[in-house]
Amino acid sequence: MNTAAPNDAKEIVRQATDIVDLVGSYLQLRRQGRGYTALCPWHDDSKPSLQINPERQSFKCWVCDIGGDVFSFIMKMDGLEFREALEQLADRAGIDLSAFRSSTPRAEPGSAADKKTLLAAMAWAEQRYQHCLHEHPAAAVARRYLEQRQITADSVKQFRIGFAPMEWDWLLKQGPSAGFSSAVLERVNLAAPRKSGAGHYDQFRGRLLFPIRDVRSRPVAIGGRVLPELVAAENNPDYKPAKYVNSAETPIYSKSRELYALELARDAAQQRDQIIVVEGYTDVIGLHQAGVTNVVAACGTAMGEGHLKLIRRYTDRVVLVLDGDEAGRKRASELLELFVASPVELKILTLPGGLDPCDFVLSHGSDEFVSLVESAPDAMEHKLRSVSERMPATLENTHDDATAVEEVLGTLAKTRVAPGEAGSAMLLREQGLIGRLARRFRLPEEGLRRRLADLRRTGRDRATNAQPGADFPDQEPAAPRGARSLNAWEREACELLLVDSDVAAQLTTTLDEADFTSTAGRTLFLLAREEAERGDASFDRLMLATNNERLKNLLVELDEAGRGRAASDAAQRVNDLLLSRRRRQEDARRGEQITALEQGDLADTAADEAVIALFADRKRSETGR
């Protein structure tokens with residue numbers, strides 16, 4: 001039985017991945033001394049400010065204050081969680097991570113339980129459907145449809161569009177020769193068991209197919225659109241197939257954690273700091289084809305918290321493009337409930353004339369579409385407009401007015417105005433909306449603000465009663481802030497912790513977490529103490545021991561600064577640090593004694609002793625003895 005620890009897998013993958021090769025596969029590197037530099041991809045960089053250190057296997061951009069190791073880099077570049085980054089780097093290095101999962105039996109290669117086999121089956125199916133679109137005689141109807149929708153050959157290739165003929169087992173018959181059983185194809189929803197009798201049938205038949213890929217560009221699912229010409233050819237009034245059929249949930253696909261074309265849109269989304277979410281596959285393709293490339297779509301399901309978390313890897317600014325009909329307004333209201341509780345700037349755009357995005361750019365051009373996106377109202381403004389449009393022109397129906405006001409305030413109450421610049425902007429928008437409500441319904445602003453405060457207070461009380469004492473254990477702990485949050489003493493202590501393992505061992509047994517007043521310093525100290533107790537608190541070990549990107553960035557910054565100082569000075573620096581700590585403790589003790597004397601909290605004898613001790617301390621400080 002394999003008992004390898006997860007950290008062993010991290011260490012093996014880290015050692016097998018050279019950061020220069022990794023960063024160089026994304027960016028153009030320039031040699032600079034013993035290291036490399038590159039234009040930073042996370043800000044508008046005119047001269048290389050991203051530094052790559054081969055010796056430390058780390059990177060750092062001092063402008064963005066972003067740094068870390070190979071895991072941090074790929075997490076930031078590709079918008080991955082740590083587990084995904086580990087898997088991607090392991091695949092890159094040819095390392096089988098299943099050997100480190102002792103608690104889970106290893107899946108048999110080629111079986112329906114083997115994730116690599118399932119991914120390979122999806123990639124194979126995608127290729128077969130693409131070939132079918134181009135070569136199969138029955139695909140002529142699909143090629144005509146694409147031509148009518150003005151989807152170009154380049155877009156067909158870029159989005160890997162395919163076609164499934166109207167045959168019950170077209171894909172199934174090809175599976176065995178490619179090494180994929182019907183059980184494997186069923187597991188990824190490419191085939192389904194027959195309802196009567198044994199055997200399977202193809203899940204997708206007579207449809208134009210849009211492969212859905214994850215952020216690593218691996219096909220994981222399919223969306224299939226029915227073709228009107230094929231439906232008409234059936235000549236059967238009872239044949240009424242759904243317009244779209246989408247893959248069901250599988251071991252490699254979760255609808256709530258994937259967005260169509262995100263692998264193609266993520267770079268543009270980061271560069272423009274905005275992502276556009278539309279409703280259909282062809283809308284995404286049409287917009288990308290027109291040069292608007294920061295566009296994605298939900299995969300046949302409603303937007304949810306999983307999608308929001310995925311989007312926030314790349315940007316906090318979202319524009320939803322929805323239909324202007326009643327169904328579109330309802331979706332807008334539902335989505336608003338989701339977004340108001342999160343720190344995301346949401347805009348909602350309804351295109352004029354009832355056009356979908358694909359048809360709009362074909363008839364009006366991409367520039368006009370982008371202009372509408374930029375001028376789209378934020379979500380709360382959209383809510384106010386939609387509510388106002390439903391209200392009668394006169395103000396005679398006070399019940400309708402009250403209902404409308406309560407609806408808008410109820411939604412607004414779910415926002416949480418955080419401190420800081422972003423919070424100030426949100427507060428200004430909130431005040432503007434209250435002003436508009438007051439003018440539209442001829443109500444006093446102060447009364448609306450009081451009602452909003454009441455609704456927020458009620459919401460907090462309900463949350464407290466529903467979860468008494470909840471500490472949200474499933475959430476990650478708050479990431480520590482950077483080195484700028486450390487005071488001078490803490491910074492010196494943290495730099496010394498990284499000098500070598502012996503110094504770290506001395507400091508972690510002498511100092512205490514109470515010596516650190518900042519979250520950043522305390523977090524780093526506790527990590528170093530834990531690793532020192534295990535026998536190794538070196539920089540490399542600390543980097544390996546945490547998955548927190550901001551903590552890794554802090555480690556790189558402190559180690560970089562510390563390496564500019566002579567290692568021979570470490571002993572004297574440690575003595576000075578501990579002397580400073582002792583003086584600080586003595587000052588605190590004297591302060592407590594003075595306070596106790598002033599308040600008369602000491603007995604006569606104890607007070608006399610305290611006064612004598614204070615005079616002795618002053619004499620020592622004045623004479624230096």
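Sequential numbering from 1 along the given sequence is applied to the chain's residues.
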Main chain of [Y], side chain of [X]: is a donor-acceptor contact present, judged purely on distance under 3.5 Å?
{"X": "N548", "Y": "R550", "value": "yes"}
{"X": "N189", "Y": "S247", "value": "no"}
{"X": "T315", "Y": "D273", "value": "yes"}
{"X": "D114", "Y": "T117", "value": "yes"}
{"X": "H134", "Y": "A139", "value": "no"}
{"X": "S371", "Y": "D367", "value": "no"}
{"X": "E126", "Y": "P211", "value": "no"}
{"X": "D45", "Y": "L39", "value": "no"}
{"X": "Q57", "Y": "I19", "value": "yes"}
{"X": "S182", "Y": "H200", "value": "no"}

Do NZ/NE/NH1/NH2 and the carboxylate oxygens of [X] and [Y] come within less than 4.0 Å?
{"X": "E81", "Y": "R313", "answer": "yes"}
{"X": "D214", "Y": "R257", "answer": "no"}
{"X": "D69", "Y": "R14", "answer": "no"}
{"X": "R56", "Y": "D540", "answer": "no"}
{"X": "R216", "Y": "E84", "answer": "no"}
{"X": "E87", "Y": "R83", "answer": "yes"}
{"X": "R205", "Y": "E167", "answer": "no"}

Do the rings of [X] and [Y] sit parallel, tilted or perpendicular, given the 30° and 60° boundaries?
{"X": "F82", "Y": "F71", "value": "tilted"}
{"X": "Y244", "Y": "F210", "value": "tilted"}
{"X": "Y260", "Y": "Y281", "value": "perpendicular"}

Please lay out, stage by stage, how R92 and S25 fare under the test side-chain contact (heavy atoms from CB on, under 4.5 Å). CA-CA 11 Å; R92 189 175 186 272; S25 67; 3.9 Å; yes
Any side-chain heavy-atom pair from [X] and [Y] closer than 4.5 angstrom?
{"X": "K60", "Y": "I66", "value": "no"}
{"X": "P251", "Y": "R187", "value": "yes"}
{"X": "L27", "Y": "P41", "value": "yes"}
{"X": "T17", "Y": "V13", "value": "yes"}
{"X": "L171", "Y": "W124", "value": "yes"}
{"X": "Q174", "Y": "R128", "value": "yes"}
{"X": "F59", "Y": "N53", "value": "no"}
{"X": "C40", "Y": "H43", "value": "yes"}

For [X] and [Y], test the side chains for any donor-to-acceptor distance below 3.5 angstrom and give the result as yes or no.
{"X": "Y201", "Y": "R194", "answer": "no"}
{"X": "H288", "Y": "Q158", "answer": "no"}
{"X": "Q289", "Y": "S155", "answer": "yes"}
{"X": "K255", "Y": "N246", "answer": "no"}
{"X": "K552", "Y": "N547", "answer": "no"}

Going through the checks in order, is the side-chain contact (heavy atoms from CB on, under 4.5 Å) test met by T282 and V284? CA-CA 5 Å; T282 55; V284 172; over 6 Å; no
Between [atom1] on residue [X] and [atom2] on residue [Y], distance to nearest 0.5 Å:
{"X": "F180", "Y": "M122", "atom1": "CZ", "atom2": "CE", "result": "11.0 Å"}
{"X": "L542", "Y": "L551", "atom1": "CG", "atom2": "CG", "result": "8.0 Å"}
{"X": "L133", "Y": "F163", "atom1": "CG", "atom2": "CZ", "result": "8.0 Å"}
{"X": "D44", "Y": "Q271", "atom1": "CG", "atom2": "CD", "result": "10.0 Å"}
{"X": "L355", "Y": "L362", "atom1": "CG", "atom2": "CG", "result": "10.0 Å"}
{"X": "M77", "Y": "S72", "atom1": "CE", "atom2": "OG", "result": "13.5 Å"}

Please name the pair of heavy atoms, one in [X] and one in [Y], separated by the smallest distance, quoted to 0.1 Å.
{"X": "I52", "Y": "L50", "result": "CD1-O, 3.8 Å"}
{"X": "E279", "Y": "V321", "result": "CG-O, 3.9 Å"}
{"X": "Y314", "Y": "D78", "result": "OH-O, 2.7 Å"}
{"X": "L555", "Y": "F539", "result": "O-CE1, 3.6 Å"}
{"X": "G291", "Y": "R272", "result": "O-NH2, 3.7 Å"}
{"X": "L209", "Y": "A164", "result": "CD1-CB, 3.9 Å"}

Does K173 count as lying over the ring of W170, i.e. NZ or CZ under 6.0 Å from the six-ring centre, within 45 degrees of the axis? no
In this structure, which one of V277, L287, L259, I275 forms a side chain to side chain contact (heavy atoms under 4.5 Å, CB included) with V295? L287
Could you walk me through whether L264 and T293 satisfy the side-chain contact (heavy atoms from CB on, under 4.5 Å) test, starting with their C-alpha distance in whole Å, then the side-chain angles of each, then the deciding distance to 0.1 Å, before giving a yes or no? CA-CA 8 Å; L264 300 174; T293 55; over 6 Å; no
Run the side-chain contact (heavy atoms from CB on, under 4.5 Å) check on T250 and Y253 step by step: do they pass? CA-CA 5 Å; T250 72; Y253 172 60; 3.4 Å; yes
